[in-house]
Amino acid sequence: MSIQFEVMHKDIAGRVGRLTVGNKRIRTPALLPVVNPHIQIIPPAEMAAMGIEGLITNAYIFSKSADFREEALSRGLHSVLGFDGLIMTDSGSFQLSVYGSVDITNEATISFQRDIGSDIWVPLDIPTHPDTPRETVEADLTVTMNRLREAKELFGDDAPLAGPVQGGLHPDLRKKAGRGVSELGFAFCPIGAVVPLLESYRYKELVSSVMPAKEGLSSAACVHLFGAGHPSMFALAVAMGCDIFDSAAYALYAREGRYITPSGTLKIAEMSELPCACSVCRSHTAEELRSAPDKERLLAYHNLAVTQAEISRIRLSIQEGTLWDLVDERCRAHPRLLDGYRELLKNASVLEQSDRATKRRFFYRGDESCRRTEVIKFQQMIPRIQLSARSLILCGGPRPQEFEEVLELRPPFGAVPTELSETAPMGQSEVPEWDDAMLTTAFAGVEALLSSNPDCEVTFSATPELADLIRRRFPDATVIS
Ligand code: GUN
Ligand code: ZN
């Protein structure tokens with residue numbers, strides 16, 4: 001019954017993979033819709049028909065419910081919910097973070113999750129609010145780690161247990177927690193206590209909490225971002241290496257008349273069109289949807305359908321090697337997402353280590369593209385380029401015959417030897433007219449090349465407009481135009 005995770009395709013730190021627990025298998029990245037047994041706005045059987053392979057429900061709600069407790073114990077969770085895919089249960093920790101306490105022990109919640117036939121069991125971790133003093137975060141983390149250890153001891157190494165990673169906003173604690181969870185042997189690792197960050201659009205802090213957690217975790221772990229359900233941030237989270245999301249947003253937003261799109265949320269009351277291809281949006285006008293008697297259910301269906309479609313789009317872009325393009329696109333939908341994207345780019349040298357070597361394309365999409373992993377990968381290779389005694393760097397100028405070696409300025413990468421110009425990533429790169437940001441990055445690459453070849457004589461052949469810029473940047477160089 002142990003949890004297995006296989007990675008099939010990679011892009012940045014994102015993966016397309018397969019999570020297997022017993023005879024249940026789901027493709028990742030995956031969305032697990034949150035199902036509340038009391039309010040099943042979309043019945044799980046209908047979710048299965050929408051391509052949903054797994055869901056998450058709350059064992060604590062089941063254990064406290066007069067209606068559902070005995071039924072789940074006798075018939076099992078899959079039968080009660082009418083869903084035979086993968087079902088993960090949460091422990092009551094979320095209630096703990098909202099209400100401050102719960103009347104269940106770690107052992108009792110895990111036993112209950114086992115007894116109702118859940119596929120993935122979550123111990124009673126403590127989701128410490130991000131704005132808590134460090135001493136409390138540390139003390140809570142100690143309790144969480146003890147409970148994870150206890151779970152392994154009581155239920156065995158093969159039990160399908162999740163190992164949540166806590167540690168608040170402290171990168172060192174997140175990294176330590178990640179390492180500790182992997183050392184305890186957890187293969188399925190949710191990153192916890194991020195809901196307050198997501199609710200207030202604190203994406204920069206999200207990135208600076210998730211990145212160290214990922215660095216501490218084994219790269220073989222399947223990583224769940226607990227409580228993340230809005231599709232606008234999935235691409236960002238997947239780029240960091242998150243594999244699983246769970247969404248209550250589809251239902252909560254529907255209740256408030258809110259219409260999810262991959263770039264944000266709109267109020268159905270204010271919409272004049274339904275810009276989506278799902279069956280609800282194609283068979284209703286905005287006005288009809290607003291006034292439909294089952295408006296909440298229809299809206300929930302739409303919200304879930306677009307959320308699920310974004311997951312498919314992400315899996316596709318990982319296979320194509322175009323995840324950076326999707327991250328760039330999504331993160332321009334809100335300035336705070338852009339902050340998260342820029343924070344992600346600060347980690348590009350870490351991400352570069354897991355990124356794939358070849359991709360379908362490198363499209364330049366503005367100065368953020370200069371800090372992408374492909375540029376870093378090329379520039380890290382520059383010190384290994386050995387120039388001939390007399391080399392020419394073509395920067396749009398004439399090409400005299402007498403040089404032993406010719407390189408081409410390829411912003412934003414740098415000067416690329418002709419024999420490498422069709423290799424990845426330069427061979428797949430498409431850039432618009434050169435701008436300042438890409439030239440600055442390319443010149444940094446040229447500078448690295450010159451300093452690793454101090455005895456070579458390098459001539460630049462530039463357009464008249466570029467010649468001055470190059471003379472200022474490389475005062476000792478010969479520039480012809
Ligand atoms: N749901 C949202 N955040 C958390 C968390 O940190 N831990 C658990 N167990 N459930 C959550
Ligand atoms: Zn729709």
Side-chain angles (χ1 to χ4, degrees), residues 32 34 36 42 50 56-61 88-99 102 104 106 109-110 113 118 120-130 132 137 140-141 143-145 147-148 151 161-169 174 177 181 186 188-199 206 209-210 213 223-229 231 242 244-250 252-254 258-262 265-266 268 271 273-286 288-289 292 295 297-310:
L32 311 179
V34 176
N36 180 335
I42 301 177
M50 295 171 75
I56 181 167
T57 188
N58 199 299
Y60 186 71
I61 295 179
M88 173 175 176
T89 40
D90 201 355
S91 54
S93 293
F94 191 65
Q95 281 70 14
L96 180 67
S97 71
V98 176
Y99 305 113
V102 281
I104 199 162
N106 187 40
T109 180
I110 301 171
Q113 293 175 64
S118 166
I120 298 181
W121 319 336
V122 179
L124 195 66
D125 60 310
I126 303 185
T128 315
H129 193 280
T132 310
V137 179
D140 285 355
L141 180 57
V143 175
T144 294
M145 296 311 293
R147 289 180 182 171
L148 298 193
L161 284 160
V165 179
Q166 298 293 345
L169 288 183
R174 285 281 182 184
V181 165
F186 288 93
F188 184 91
C189 306
I191 296 178
V194 297
V195 171
L197 300 178
L198 297 168
E199 282 174 342
L206 175 75
S209 303
V210 171
V223 176
H224 173 181
L225 194 61
F226 246 143
C242 297
I244 307 276
F245 302 94
D246 64 274
S247 173
Y250 77 95
L252 298 175
Y253 285 29
R258 296 204 288 160
Y259 179 99
I260 294 178
T261 83
T265 308
L266 304 167
I268 186 67
M271 294 175 72
E273 287 287 339
L274 302 178
C276 163
C278 87
S279 60
V280 168
C281 297
R282 297 293 33 97
S283 60
H284 295 77
T285 64
E288 285 164 356
L289 180 53
K295 159 182 154 184
R297 188 185 65 81
L298 293 172
L299 210 42
Y301 178 94
H302 156 83
N303 286 345
L304 189 56
V306 289
T307 306
Q308 179 70 353
E310 180 68 358

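Whatever order the structure lists ligands and atoms in, that order sets their numbers, starting from 1.
Short contacts between ligand 1 and Pro127, defined as distances under 4.0 Å to a heavy atom of the residue, involve ligand atoms 5 (C), 6 (O), 7 (N). For ligand 1, the atoms lying closer than 4.0 Å to a non-hydrogen atom of Ser93 are 8 (C), 9 (N). Atoms of ligand 1 found under 4.0 Å from any heavy atom of Val122 (numbered from 1 in listed order, with element): 9 (N). Close approach to Val195 involves these atoms of ligand 1, each under 4.0 Å from a residue heavy atom: 2 (C).
Closest non-hydrogen pair, Arg282 versus Leu274, comes out as NH1-O, 3.3 Å. Across all non-hydrogen atoms, the minimal contact from Gly229 to Thr307 is O-CG2, 3.9 Å. The shortest heavy-atom contact between Tyr60 and Gly92 is CB-CA, 3.5 Å. Scanning all heavy atoms of the two residues, the minimum distance from Ala162 to Ile120 falls at CB-CG2, 4.1 Å. Nearest approach of Pro231 to Thr261, heavy atoms of both residues: CG-O, 4.0 Å. Closest approach of Ile56 to Leu32, counting heavy atoms only: CG2-O, 3.6 Å.
Of the protein's non-hydrogen atoms, the one nearest atom 2 (C) of ligand 1 is Phe94 CD1, 3.5 Å. With hydrogens left out, the protein atom closest to atom 8 (C) of ligand 1 is Phe226 CE1, 3.3 Å, a heavy atom. Counting only heavy atoms of the protein, atom 7 (N) of ligand 1 lies nearest to Asp125 OD2, 2.8 Å.
If you look at Val194 next to ligand 1, there are no close heavy atoms at all, none under 4.0 Å.
A side chain to side chain contact (heavy atoms under 4.5 Å, CB included) with Pro164 is found for exactly one of Ser91, Pro127, Pro123, Cys189, namely Pro123.
The closest side-chain donor-acceptor pair between Thr144 and Gln166, if any, does not fall under 3.5 angstrom.
At least one heavy atom of Ala193 sits less than 4.0 Å from an atom of ligand 1.
For the Zn ion (ligand 2), protein N, O or S atoms under 2.8 Å: 4 in total.
Between Phe226 and Val195 there is no side-chain heavy-atom pair separated by less than 4.5 Å.
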Verdict with supporting geometry, Leu198 and Leu206, side-chain contact (heavy atoms from CB on, under 4.5 Å): CA-CA 8 Å; Leu198 297 168; Leu206 175 75; 4.0 Å; yes

Worked check of side-chain contact (heavy atoms from CB on, under 4.5 Å) between Leu141 and Thr128: CA-CA 8 Å; Leu141 180 57; Thr128 315; over 6 Å; no

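With distances taken over non-hydrogen atoms, the option nearest atom 11 (C) of ligand 1 out of Thr144, Asp90, Thr109, Val34 is Asp90.
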